[in-house]
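The structure appears below as structure tokens.
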Amino acid sequence: SDVLPKVSGDKKVLVIQAIGRRGDAASLPGLFAAAKAGAKAERLAAVRAIPEFGTPATVPVLVELLTDTDKEIAQAMLRWEELEARSAGA
């Protein structure tokens with residue numbers, strides 16, 4: 001989203017969360033960028049928001065994040081996958 005580069009810190013995390021809830025596919029490139037680089041809190045917020053879109057366009061980025069050099073980012077993706085698998089099996 002065009003708004004992401006204009007905000008920082010805690011405000012950016014809140015904006016990322018709002019974008020995830022809104023589910024506007026036009027915001028995905030901004031979320032992808034936020035998930036790949038930046039402050040850890042912003043990256044984690046984006047990692048948690050991206051799967052909410054449920055669109056095939058997110059798959060390559062999600063797979064890439066599973067092998068992120070920051071173990072906390074990779075683990076956040078693994079936890080999301082586990083939760084998704086449990087809810088699908090329920």
Side-chain angles (χ1 to χ4, degrees):
S1 175
D2 293 333
V3 73
L4 285 178
K6 298 175 186 171
V7 294
S8 62
D10 292 340
K11 289 180 184 177
K12 191 167 197 170
V13 170
L14 293 173
V15 169
I16 290 169
Q17 291 169 341
I19 289 170
R21 283 191 298 273
R22 192 177 72 204
D24 179 6
S27 301
L28 281 173
L31 286 181
F32 293 163
K36 293 178 182 180
K40 186 175 284 194
E42 296 165 12
R43 292 189 70 205
L44 286 169
V47 163
R48 292 178 183 124
I50 291 169
E52 299 301 321
F53 285 78
T55 177
T58 64
V59 173
V61 175
L62 297 174
V63 169
E64 182 181 335
L65 292 168
L66 283 169
T67 59
D68 196 273
T69 56
D70 185 322
K71 297 222 182 290
E72 193 172 351
I73 299 295
Q75 287 175 344
M77 284 308 311
L78 287 172
R79 281 193 297 274
W80 178 83
E81 273 195 338
E82 290 169 1
L83 290 172
E84 189 68 16
R86 278 190 222 143
S87 67

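Keep in mind the model is a prediction, meaning the values are calculated, not measured.
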Same apolar cluster: Val47 and Val7, side chain cutoff 4.5 Å
yes

Answer yes if Ile73 and Phe53 sit in the same cluster of Ile, Leu, Val, Met, Phe, Trp and Tyr residues linked by side chain heavy atoms under 4.5 Å apart, and no otherwise.
yes

Under a 4.5 Å cut-off applied to non-hydrogen side-chain atoms, are Leu4 and Ile19 in contact?
yes

Please report the closest heavy-atom contact between Ile16 and Ala49, naming both atoms and the distance.
O-CB, 4.0 Å

For Pro29 and Ala26, work out which heavy atoms get closest and say how close.
CD-O, 3.5 Å

Which residues pass the side-chain hydrogen bond (donor to acceptor under 3.5 Å, both in side chains) test with Asp24, not counting sequence neighbours?
Arg22

Using the rule that Ile, Leu, Val, Met, Phe, Trp and Tyr join whenever any side-chain heavy atoms are under 4.5 Å apart, tell me whether Val13 and Leu44 fall into a single cluster.
no

Shared ILVMFWY cluster between Leu31 and Met77, side chains joined below 4.5 angstrom?
yes

Can you confirm whether Leu28 sits close enough to Val61 that some side-chain heavy atom of one is under 4.5 Å from a side-chain heavy atom of the other?
no

Result block: side-chain N/O donor-acceptor pairs under 3.5 angstrom for residues 35-43, not counting sequence neighbours:
{"unit_1": "Lys40", "atom_1": "NZ", "unit_2": "Asp70", "atom_2": "OD1", "d": "3.4"}
{"unit_1": "Lys40", "atom_1": "NZ", "unit_2": "Asp70", "atom_2": "OD2", "d": "3.2"}
{"unit_1": "Lys40", "atom_1": "NZ", "unit_2": "Glu72", "atom_2": "OE1", "d": "3.1"}
{"unit_1": "Glu42", "atom_1": "OE2", "unit_2": "Gly9", "atom_2": "N", "d": "3.4"}
{"unit_1": "Arg43", "atom_1": "NE", "unit_2": "Ala35", "atom_2": "O", "d": "2.7"}
{"unit_1": "Arg43", "atom_1": "NH2", "unit_2": "Ala35", "atom_2": "O", "d": "3.0"}
{"unit_1": "Arg43", "atom_1": "NH2", "unit_2": "Asp68", "atom_2": "OD1", "d": "3.3"}
{"unit_1": "Arg43", "atom_1": "NH2", "unit_2": "Asp68", "atom_2": "OD2", "d": "2.6"}

List, by chain and then residue number, the residues other than Val59 in its hydrophobic cluster (Ile/Leu/Val/Met/Phe/Trp/Tyr, side-chain heavy atoms under 4.5 Å); write none if there are no others.
Val63

